[in-house]
Peer 1: 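This is the structure I have questions about; it appears just below.
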Amino acid sequence: MRLSHYFLPTLKENPKEAQIASHLYMLRAGMIRQSSAGIYSWLPLGFKVLKKIEQIVREEMDRAGCQELLMPTIQPAELWQESDRYDDYGKEMLRITDRHDRNMLFGPTNEEMITDIVRGSIRSYKDLPKNLYHQQWKFRDEVRPRFGIMRGREFLMKDAYSFDIDAEGAKRSYNKMFVAYLRTFARMGLKAIPMAADTGPIGGDLSHEFMVLAETGESEVFCHKDILEFDIPDESTDYQADLQPLVDKWTELYAVTDEKADQAEHAKLGDDLVTARGIEVGHIFYFGDKYSKAMGATVVGPEGKDILIEMGSYGIGVSRLVGAIIEASHDDDGIIWPEAVAPFKVGIINLRAGDDACDAACEDAYAKLQDAGVEVLYDDRDERGGAKFANMDLIGLPWQMVIGPRGLKDGKIEIKNRASGEKAELSIEDALSKLIG
RNA sequence: CGGAGCGUGGCGCAGUCUGGUAGCGCACUUCGCUGGGGGUGAAGGGGUCGUAGGUUCGAAUCCUAUCGCUCCGACCA
C-alpha cells in the first residue's frame with residue numbers, strides 16, 4: 001500500500017479525551033474515530049488489526065474443534081423473557097421497538113439465541129458434544145464508557161458456547177477452551193494469565209478470567225510469580241487427549257482477581273506474590289443447565305430419557321484486544337505491534353521522494369516485498385524525513401526500511417526494528433532477504 | 001446513577017467575568033528555499049461560536065431550556 005493513497009488520518013497532537021496509551025495512539029494513528037460515547041468507526045489501519053486478531057481467534061477456536069456460525073445483532077425479547085434475563089439485565093440492554101411494536105434488543109450476549117438454535121436442532125445425545133461460536137458485534141449500554149474501545153458500548157466479541165450431555169463432558173469442553181485461550185493470546189504477543197473468577201450461583205472452580213497485565217488495567221490482580229514463566233502449549237496440542245493435567249498445572253498456583261483475593265494466601269506467598277493490574281481479555285464459564293433448563297433444551301439420552309444439556313460459554317473481547325495489545329506494547333513514540341497482529345509488517349520510508357535513485361530503490365523494494373507476500377506500507381509522500389520517521393514510529397510497524405540518498409551512494413539502506421530500536425545498514429538484497437525470510 | 005467540567009474552522013485552544021460584528025498554534029492549498037528525526041519564508045482557503053427560545057439598538061459573551069461529550073466514583077467482554 002502506498003501511503004499517498006492510503007486513508008491514514010494521523011494526528012500530531014494529543015486529543016484531549018484520551019487518558020490512556022491505547023486510546024491516545026489509536027486516535028493519533030488514525031485507527032479509530034469516535035462516533036458517539038463508546039461507539040467507534042474503525043478506519044483502515046485499525047480495521048486491519050481487528051481482522052488479524054479475529055483471524056487468530058478463529059484459527060485457535062477451529063483447532064480446538066469449535067465451529068463458527070453467525071447470529072444476528074438484533075434479537076427478539078421473547079427469548080430473553082424465557083430465561084428471565086429480559087428484566088434482570090436492566091438498563092445495560094439496549095431495547096428497541098420495531099414497526100409492529102415488537103420488543104427487540106441489540107444483543108449484549110447470545111446464550112438465549114444459541115440455546116434456541118440448539119434445542120430446535122439437536123435431539124440425541126449422539127449429536128453432542130458441540131461447541132459453536134461467532135464473532136459478532138455486541139452492545140451493552142454502559143453507564144460510563146471510557147478508555148476508547150477498551151470499554152466501549154459497541155464491541156466485537158467472540159463468544160463460544162459448548163453443549164455436552166453431562167458435567168464431565170462439560171469439563172472437557174471447558175478445558176479445551178482453557179488451552180485454546182492460552183494459545184490464542186500468546187499468538188498475539190500477550191501474556192494473559194488465567195485467574196480464578198467468581199462463579200456465581202453454580203459454584204465450583206469452573207470460571208476463569210484471562211488477564212493481561214498492564215499498568216492501566218482496570219482491576220487489581222494477584223498471582224504467584226512462577227505462573228508468568230509457564231510455557232504455552234504448542235501447535236501440536238491434541239485436543240482429543242486428556243487436557244486436565246495441563247489445566248491443573250495452570251490452575252494450581254495462586255492467581256486471582258481482586259474479588260477473590262485471599263490475604264492469608266498473600267502472606268503465605270511472600271516474595272512469590274505478584275500484585276499487578278490486569279485487563280480482562282477473556283472469560284470462560286461453565287454454567288450447567290441454567291439456560292437449557294429455563295428454555296427446555298434437552299436431548300434424548302442413552303436410556304431414552306430426556307436430559308438437560310450442560311452448557312458453558314467462552315468470551316474473548318476481540319475489539320478490546322486491540323487496546324490491550326497497545327497497552328502492553330508501546331513507548332513514548334507510539335505503538336509497537338507484535339508481528340502477528342501488525343497491520344503491515346514493513347514500512348518503507350523514502351527519504352527523498354522525487355529523487356530518481358531513491359524512487360527506483362523504493363519501488364524495487366516495494367515490489368519485491370509484495371511479490372513475496374509481505375505486507376508493506378510505502379511512505380512515498382513528499383515529506384521531510386523527520387515527519388516520516390515520527391509517523392512510522394507512531395503507527396508501530398515492526399520493521400522500517402529507510403531508503404535515502406546518503407546510504408544509497410554506497411548501495412546501502414537501513415532497516416530498523418521498531419521494538420528493539422536496532423538499526424542496521426545493509427545492501428538492499430540483504431535487507432530484503434532478512435525481511436522476507 | 002451521583003459529583004465535576006467542557007461544547008468557538010479537521011485537531012488543540014484564547015476570547016465569555018466587563019455585550020460592539022471572531023482570533024492563535026497545528027493541519028490544509030499554492031509557490032520558493034530546504035532535505036537522515038514532526039524545518040523555513042511568502043501568499044491563501046475554511047467557522048450562522050452545540051441547538052432552540054429570550055433580554056438588548058447590538059449576543060460566542062447575559063438569562064432559560066435542551067442536546068452532546070469528557071473526567072472522578074459505584075457496575076462490566
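A note on names: the letters A, B, ... follow the listed sequences, proteins ahead of strands, and every chain is numbered from 1. What you see below is based on every heavy atom in this structure, not just the backbone, and it leaves out hydrogens, waters and symmetry mates.
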Peer 1: 5'-most contact on RNA chain B: A:Gln34 or A:Arg320, nearest heavy atom basis?
Peer 2: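 Its nearest nucleotide lies further toward 5', so the answer is A:Gln34.
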
Peer 1: Heavy atoms only, 4.0 Å cut-off, all strands: where does A:Thr109 land among base, sugar-phosphate and nothing?
Peer 2: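 Since no nucleic acid heavy atom lies under 4.0 Å of A:Thr109, the category is nothing.
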
Peer 1: In Watson-Crick or G-U wobble terms, both distances under 3.5 Å, what is the partner of B:rC1?
Peer 2: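 WC or wobble partner is B:rG73.
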
Peer 1: Expressed in angstrom and rounded to an integer, what is the separation of A:Phe389 atom CZ from B:rG36 atom P?
Peer 2: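 Between P of B:rG36 and CZ of A:Phe389: 9 Å.
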
Peer 1: Test ring pair (Phe, Tyr, Trp, His ring centres under 6.0 Å) on A:Tyr161 and A:Phe287 and set out the steps.
Peer 2: CA-CA 11 Å; A:Tyr161 304 90; A:Phe287 48 70; 7.7 Å; no

Peer 1: Looking for any heavy atom pair under 4.0 Å, which part of the strands does A:Gly354 touch: base, sugar-phosphate only, or nothing?
Peer 2: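 Answer is nothing: A:Gly354 stays at 4.0 Å or more from every strand.
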
Peer 1: Below 30° counts as parallel, above 60° as perpendicular, anything between as tilted: where do the rings of A:Tyr6 and A:Phe344 land?
Peer 2: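 Ring orientation of A:Tyr6 relative to A:Phe344: perpendicular.
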
Peer 1: Using the P atom in both, what is the distance from B:rU16 to B:rU21, to the nearest Å?
Peer 2: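 B:rU16 and B:rU21 have their P atoms separated by 14 Å.
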
Peer 1: Under 4.0 Å: is that the gap between some side-chain N or O of A:Arg144 and OP1 or OP2 of B:rC71?
Peer 2: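 Looking at the OP1 and OP2 atoms of B:rC71, one of them is under 4.0 Å from a side-chain N or O of A:Arg144.
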
Peer 1: Just call it for A:Val402: base, sugar-phosphate, or nothing, with non-hydrogen atoms closer than 4.0 Å on any strand.
Peer 2: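 Base contact.
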
Peer 1: So, for A:His283 and A:Tyr314, is the gap between ring centers shorter than 6.0 Å?
Peer 2: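 Between A:His283 and A:Tyr314, the centre distance exceeds or equals 6.0 Å.
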
Peer 1: Please classify the nucleic acid contact of A:Asp159 as base, sugar-phosphate, or nothing, using heavy-atom distances under 4.0 Å.
Peer 2: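 Nothing: the residue A:Asp159, judged by heavy atoms under 4.0 Å, touches no strand.
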
Peer 1: Suppose we define a pair by two distances each less than 3.5 Å, Watson-Crick or G-U wobble; what does B:rC17 pair with here?
Peer 2: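 B:rC17 is paired with nothing.
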
Peer 1: Could you check whether the side chain of A:Asn14 and the base of B:rG12 have a donor-acceptor pair of N or O atoms closer than 3.5 Å, going by distance alone?
Peer 2: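 It does not, because no donor-acceptor pair links the side chain of A:Asn14 to the base of B:rG12 below 3.5 Å.
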
Peer 1: Mind telling me whether A:Phe178 and A:Tyr174 have parallel, tilted or perpendicular rings, with 30° and 60° as the class edges?
Peer 2: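 Because their plane-to-plane angle lies in the 30° to 60° range, the rings of A:Tyr174 and A:Phe178 count as tilted.
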
Peer 1: What does B:rG7 pair with, Watson-Crick or G-U, if both distances are under 3.5 Å?
Peer 2: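 Across all strands, the one nucleotide that pairs with B:rG7 is B:rC67.
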
Peer 1: Looking across every strand, which nucleic acid part, if any, lies under 4.0 Å from A:Ile316 by heavy atom: base, sugar-phosphate, or nothing?
Peer 2: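 Touches sugar-phosphate only.
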
Peer 1: Once you apply a heavy-atom cut-off of 4.0 Å, does A:Lys91 come out as touching a base, just sugar-phosphate, or nothing?
Peer 2: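 Sugar-phosphate, backbone atoms only, no base.
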
Peer 1: Of the listed nucleotides (B:rC71, B:rC13, B:rC69), which one gets closest to any side-chain atom of A:Lys16?
Peer 2: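 The nucleotide sitting nearest to the side chain is B:rC13.
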
Peer 1: Rounded to the nearest Å, what distance is computed from the CD atom of residue A:Glu142 to the P atom of nucleotide B:rU70?
Peer 2: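 To the nearest whole Å, that distance equals 13 Å.
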
Peer 1: Applying the Watson-Crick and G-U wobble criteria at under 3.5 Å, what pairs with B:rA59? Answer none if nothing qualifies.
Peer 2: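 In the structure as shown, B:rA59 has no Watson-Crick or wobble partner.
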
Peer 1: Between A:Lys138 and A:Glu154, is there a salt bridge with N-O shorter than 4.0 Å?
Peer 2: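 Looking at A:Glu154 and A:Lys138, the cut-off is not met.
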
Peer 1: Report the base-pairing partner of B:rC49 (Watson-Crick or G-U wobble, both distances below 3.5 angstrom), or none.
Peer 2: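 Answer to the pairing question: none, since B:rC49 forms no Watson-Crick or G-U pair.
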
Peer 1: Dump every N/O contact between nucleotides 30-35 of chain B and the protein below 3.5 Å, one line per pair.
Peer 2:
residue	atom	partner	partner atom	Å
B:rU34	O2	A:Arg384	NH1	2.4
B:rG35	O2'	A:Arg352	NE	2.8
B:rG35	O2'	A:Arg352	NH2	2.5
B:rG35	N2	A:Asp382	OD1	3.1

Peer 1: Apply the test ring pair (Phe, Tyr, Trp, His ring centres under 6.0 Å) to residues A:Phe155 and A:Trp137: give CA-CA distance (whole Å), side-chain angles for both, the deciding distance (0.1 Å), then the verdict.
Peer 2: CA-CA 5 Å; A:Phe155 56 96; A:Trp137 292 91; 8.2 Å; no

Peer 1: Write down the distance between CZ (A:Phe139) and P (B:rA77), rounded to a whole number of angstrom.
Peer 2: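 These atoms are roughly 16 Å apart.
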
Peer 1: C1' atom, B:rG45 versus B:rU61: distance in rounded Å?
Peer 2: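 Pairwise C1' distance, B:rG45 against B:rU61, rounds to 28 Å.
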
Peer 1: Please confirm whether A:Phe47 and A:Phe7 have ring centers closer than 6.0 angstrom.
Peer 2: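 No, ring centres 6.0 Å or more apart.
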
Peer 1: How many whole angstroms separate atom CD of A:Glu280 from atom C1' of B:rA77?
Peer 2: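 Going from A:Glu280 (CD) to B:rA77 (C1'), I get 6 Å.
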
Peer 1: Using the P atom in both, what is the distance from B:rG39 to B:rG35, to the nearest Å?
Peer 2: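 It comes out at 15 Å once rounded to the nearest Å.
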
Peer 1: Of A:Pro15 and A:Ala37, whose closest RNA chain B nucleotide lies nearer the 5' terminus?
Peer 2: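 Its nucleotide being nearer the 5' end, the pick is A:Pro15.
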
Peer 1: Would you verify whether the NZ or CZ of A:Arg140 falls within 45 degrees of the ring axis of A:Phe106 while also being under 6.0 Å from that six-membered ring's centre?
Peer 2: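 Output no; distance or angle outside limits.
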
Peer 1: Using atom CD of A:Gln19 as one end and atom P of B:rG5 as the other, report the distance to the nearest whole Å.
Peer 2: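 Atom-to-atom, A:Gln19 to B:rG5, this comes out as 17 Å.
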
Peer 1: Can you tell me if A:Phe155 is stacked onto the base of B:rA77, using a 5.5 Å centroid cut-off and an angle below 30°?
Peer 2: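 Taking the rule of under 5.5 Å and under 30°, the ring of A:Phe155 does stack on B:rA77.
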
Peer 1: Rounded to the nearest Å, what distance is computed from the CG atom of residue A:Leu43 to the C1' atom of nucleotide B:rG10?
Peer 2: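 Result: 13 Å.
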
Peer 1: Distance criterion of 3.5 Å, no angle test: do you see the side chain of A:Arg28 paired donor-to-acceptor with the base of B:rG10?
Peer 2: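 In this structure, the two groups form no donor-acceptor pair.
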
Peer 1: If you measure from the P atom in B:rG12 to the same atom in B:rC71, how many Å do you get, rounded?
Peer 2: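 Per the computed distance, 13 Å lies between those P atoms.
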
Peer 1: Rounding to the closest angstrom, what is the interatomic distance between B:rG23 and B:rU64 at atom P?
Peer 2: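 Going atom to atom, P in each nucleotide, I get 30 Å.
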
Peer 1: Taking the same atom, P, in B:rC11 and in B:rA4, what whole-Å distance lies between them?
Peer 2: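 One P to the other, the span is 28 Å.
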
Peer 1: Round to the nearest Å and state the distance from A:Lys12 atom NZ to B:rC13 atom P.
Peer 2: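 One finds 17 Å between P of B:rC13 and NZ of A:Lys12, rounded.
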
Peer 1: With both distances kept under 3.5 Å, what pairs with B:rU40, Watson-Crick or G-U wobble?
Peer 2: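 Base partner found: B:rG32.
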
Peer 1: I need the A:Ile335 CD1 to A:Glu327 CD distance, nearest 0.5 Å.
Peer 2: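 Answer for the CD1-CD pair, A:Ile335 versus A:Glu327, is 10.5 Å.
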
Peer 1: Describe the nucleic acid contact of A:Gly404 in one word from base, sugar-phosphate, nothing, applying a heavy-atom distance below 4.0 Å.
Peer 2: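 Answer is base: heavy atoms of A:Gly404 come under 4.0 Å of a base.
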
Peer 1: Could you measure the distance from the CG atom of A:Leu8 to the CG atom of A:Asn391? Nearest 0.5 Å is fine.
Peer 2: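 The CG atom of A:Asn391 is 6.0 Å from CG of A:Leu8, to the nearest 0.5 Å.
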
Peer 1: Give the rounded distance in Å between these two atoms: NZ of A:Lys416 and C1' of B:rG37.
Peer 2: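 Distance check: A:Lys416 NZ to B:rG37 C1' gives 9 Å.
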
Peer 1: Classify the angle between the aromatic ring planes of A:His266 and A:Phe222 as parallel (below 30°), tilted (30 to 60°) or perpendicular (above 60°).
Peer 2: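 Rings of A:His266 and A:Phe222: tilted, as their planes differ by 30° to 60°.
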
Peer 1: Are OP1 or OP2 of B:rG37 and a side-chain N or O of A:Lys388 less than 4.0 angstrom apart?
Peer 2: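 Checking B:rG37 against A:Lys388, no side-chain N or O comes under 4.0 Å of OP1 or OP2.
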
Peer 1: For a quick check of understanding: with a heavy-atom distance under 4.0 Å over all strands, which category does A:Glu13 fall into, base, sugar-phosphate or nothing?
Peer 2: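 The residue A:Glu13 makes base contact.
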
Peer 1: In whole Å, measure the gap between the C1' atoms of B:rU18 and B:rC62 for me.
Peer 2: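 Here B:rU18 and B:rC62 have their C1' atoms 11 Å from each other.
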
Peer 1: Please report the distance separating the P of B:rA43 from the corresponding atom of B:rC24, rounded so that it comes out in whole Å.
Peer 2: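 My reading of the P atoms in B:rA43 and B:rC24 gives 13 Å.
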
